[in-house]
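Following: one structure in structure tokens, then a few remarks.
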Amino acid sequence: MKRVLTIAGFDPSGWAGVSADLKTFGDLGADGVAAITALTAQNRSTVVTVLPIDPKFVRQEILTLLAEADFDAIKIGMLGSFEIVNMLIRLLKKEGLKNIVLDPVLRSSSGRRLVDKKGEAEIIKLLPLVRVVTPNINEAEVLSGEKIKDLSDMERAAEKIQGFGPEAVVVTGGHVAGPPTDILFNSRNKQFSHFKGVRLKGRKERFHGTGCIFSSALATGLARGYTVKKATDDARQYLIKTLKARR
Ligand code: PXL
């Protein structure tokens, strides 16, 4: 069984954060383990409070799991504070951890910060240490410093973010109007892949945790040794199936 670690926040509603990540790993047949970076008080529509965990404790969480067995892949989600981002940068370098998917979580759908302002700026320094980054449109705008209105803007942002050091970038298209298209830019072949989807209907709560599930499924594919393109394709299929099953 492949062993996949999530480093993310806890969402007590179960649809986002570590609980969604562990469910995704389990559904896809991987052995999921978790290090919690923050607690939150929230339901599926509103985040009320965010409580980042002491970075020394988060470090212990990760190192204790690592002492037992290596990870085949890692997914990084909500980080909460500058201190945690900083600790993680040092830990990933020191331990030489590889095959990492970074979901650069900045804000909840309701607009609440999920990492403080200083931490948001520090996330750029994680990019050279990870294999794939999966920003949504808003996160891609912040990381690239460019406004995104259409597919060519998404391509430009993906390429610019790749320039910060990851092997590949997937900009997810759920946050622009119309049929959603996800765009992958892979530095290995310098090529873009477009993954066209169908807009699912429903209240916004139905889409709570979408980015968490997608990045966790992608990490599971990488753990299995799939290419980034196949892992992306499979992760999208799993996400669509999961969203369709929600009411
Ligand atoms: O979907 C972003 C996200 C990630 N991680 C946690 C969250 C949320 C959104 O609410 O709570 C823990």
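Both ligands and their constituent atoms are indexed starting at 1 by order of listing. Numbering of residues begins at 1 and proceeds along the displayed sequence.
- Judged by the shortest distance from any of its heavy atoms, Arg112 lies outside the 4.0 Å radius around the atoms of ligand 1.
- The residue Asp103 has no part lying near ligand 1, judged by heavy-atom distances below 4.0 Å.
- Salt bridge present: Lys125 and Glu122 bring a charged side-chain N and a carboxylate O closer than 4.0 Å.
- Atom 5 (N) of ligand 1 has as its closest protein heavy atom Met78 CB, 3.7 Å.
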### Task
Apply side-chain hydrogen bond (donor to acceptor under 3.5 Å, both in side chains) to the pair His208 and Asn43, showing each step before the final yes or no.
CA-CA 10 Å; His208 181 67; Asn43 54 36; over 6 Å; no
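- For atom 4 (C) of ligand 1, the closest non-hydrogen atom on the protein side is Cys212 SG, 3.6 Å.
- For Lys230 and Tyr226, the positive end sits near the middle of the six-membered ring, less than 6.0 Å away and at most 45° from its axis.
- Looking at every heavy atom in both residues, Arg3 comes nearest to Glu68 through NH2-OE1, 3.4 Å.
- If you number the atoms of ligand 1 from 1 as listed, the ones under 4.0 Å from a heavy atom of Gly9 come out as 12 (C).
- For Thr210, no heavy-atom contact with ligand 1 is shorter than 4.0 Å.
- Residues Arg113 and Val50 come closest through the heavy atom pair O-CG2, 3.9 Å.
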### Query
So Lys75 and Thr6, side-chain hydrogen bond (donor to acceptor under 3.5 Å, both in side chains) or not? Walk me through it.
CA-CA 5 Å; Lys75 169 252 163 85; Thr6 173; 5.0 Å; no
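- When only non-hydrogen protein atoms are considered, atom 11 (O) of ligand 1 lies nearest to Gln42 NE2, 2.4 Å.
- The residue from Ile36, Asp11, Leu114, Thr46 that puts a heavy atom closest to atom 8 (C) of ligand 1 is Leu114.
- Near Val47, meaning under 4.0 Å from one of its heavy atoms, ligand 1 places the atoms 10 (O).
- The main-chain N or O of Ile213 is never found under 3.5 Å from a side-chain atom of Ser216 such that the two would form a donor-acceptor pair.
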